[in-house]
**Student:** 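Starting off with a structure, shown below.
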Amino acid sequence: KNEVEQSPQNLTAQEGEFITINCSYSVGISALHWLQQHPGGGIVSLFMLSSGKKKHGRLIATINIQEKHSSLHITASHPRDSAVYICAVAVGGGADGLTFGKGTHLIIQP
Amino acid sequence: DAEITQSPRHKITETGRQVTLACHQTWNHNNMFWYRQDLGHGLRLIHYSYGVQDTNKGEVSDGYSVSRSNTEDLPLTLESAASSQTSVYFCASKGSDEKLFFGSGTQLSVL
């Protein structure tokens, strides 16, 4: 079973700061997902990546397959970015291959 | 727009009762899943389905069942609710591009 570790568990930052959230996993994967969950809300998929880097607005996700590590970056952070960010890895195409991290709770203060 | 909806949003029930949580998606996805989310744990897979009439057990399937009679719906049934099943339940679907779509969740309390 793949172990997924996220760091930090909790992060509080000031508006405008550059944010980095890390995800490490123990077994080779076919894909990695970054998800966002707002308080009391549903879960939204931000990125799915298997190599390299993806960017969407102020969000950037990178993955290093050799090092089994991914990072999610937020540039020019804003209070509306406050949420739990979850990393999930897939070892195959099926749902039974998805393993989730426990999430990083991010608070951006104005 | 296509979407995935769960109902109810909140449910309180008593120990021993049968409870069914609904999940309906209009993405026409074959792959659908049920997860539970508890403090201190990541999302954990309860059951999943790859298509009509296909159902499979996940990591924490004891006490739960699902059925898949059409592409759109994957209801989750708790046969005899237990306090340990108090949790937030999420339904999700996945398309051929592997992107995940989640419902808004159901907060279930078993008293």
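So that the names make sense, note that chain A is the first sequence line, chain B the second, and so on, each numbered from 1.
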**Student:** Is it the side chain or the backbone of Q37(A) that comes within 4.5 Å of chain B heavy atoms, both, or neither?
**Tutor:**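 For Q37(A), side-chain heavy atoms alone lie under 4.5 Å from chain B.
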
**Student:** Quick check for you: to the nearest 0.5 Å, what is the distance between L43(B) atom CG and L35(A) atom CG?
**Tutor:**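 So the gap between those two atoms works out to 7.5 Å.
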
**Student:** Over all heavy atoms of both residues, which pair between H41(B) and K102(A) is shortest? Give the atoms and the distance, please.
**Tutor:**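 Heavy atoms of H41(B) and K102(A) come nearest at C-CG, 4.1 Å.
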
**Student:** Specify which of N56(B), L39(B), L100(B) makes the most heavy-atom pairs with chain A at under 4.5 Å.
**Tutor:**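 Heavy-atom pairs under 4.5 Å are most numerous for L100(B).
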
**Student:** Q37(B) versus chain A, heavy atoms under 4.5 Å apart: side chain, backbone, both or neither?
**Tutor:**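 Only the side chain of Q37(B) comes within 4.5 Å of chain A.
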
**Student:** Quick one: pull up CG in L46(A) and NZ in K99(B) and give me the separation to the nearest 0.5 Å.
**Tutor:**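 Between L46(A) CG and K99(B) NZ, I get 8.5 Å after rounding to 0.5 Å.
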
**Student:** If I take atom CG from residue L98(A) and atom OH from residue Y35(B), how far apart are they, to the nearest 0.5 angstrom?
**Tutor:**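 These two atoms lie 4.5 Å from each other.
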
**Student:** Quick one: what part of R44(B) sits under 4.5 Å from any heavy atom of chain A, side chain, backbone, both or neither?
**Tutor:**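 Neither part.
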
**Student:** Is the number of heavy atoms from other residues, nucleotides or ligands under 6.0 Å of I65(A) CD1 greater than 12?
**Tutor:**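 Yes, because the 6.0 Å sphere around CD1 of I65(A) holds more than 12 heavy atoms from other groups.
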
**Student:** Please report the shortest heavy-atom distance between F102(B) and I43(A), naming the atom on each side.
**Tutor:**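 So the minimum-distance heavy-atom pair works out to CB-O, 3.2 Å.
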
**Student:** What part of I86(A) gets within 4.5 angstrom of chain B, counting heavy atoms only: side chain, backbone, both, or neither?
**Tutor:**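 Answer is side chain: those atoms of I86(A) sit under 4.5 Å from chain B.
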
**Student:** Is there a path of hydrophobic side-chain contacts, each under 4.5 Å between heavy atoms of I/L/V/M/F/W/Y residues, joining V4(A) to M48(A)?
**Tutor:**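 Different hydrophobic clusters.
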
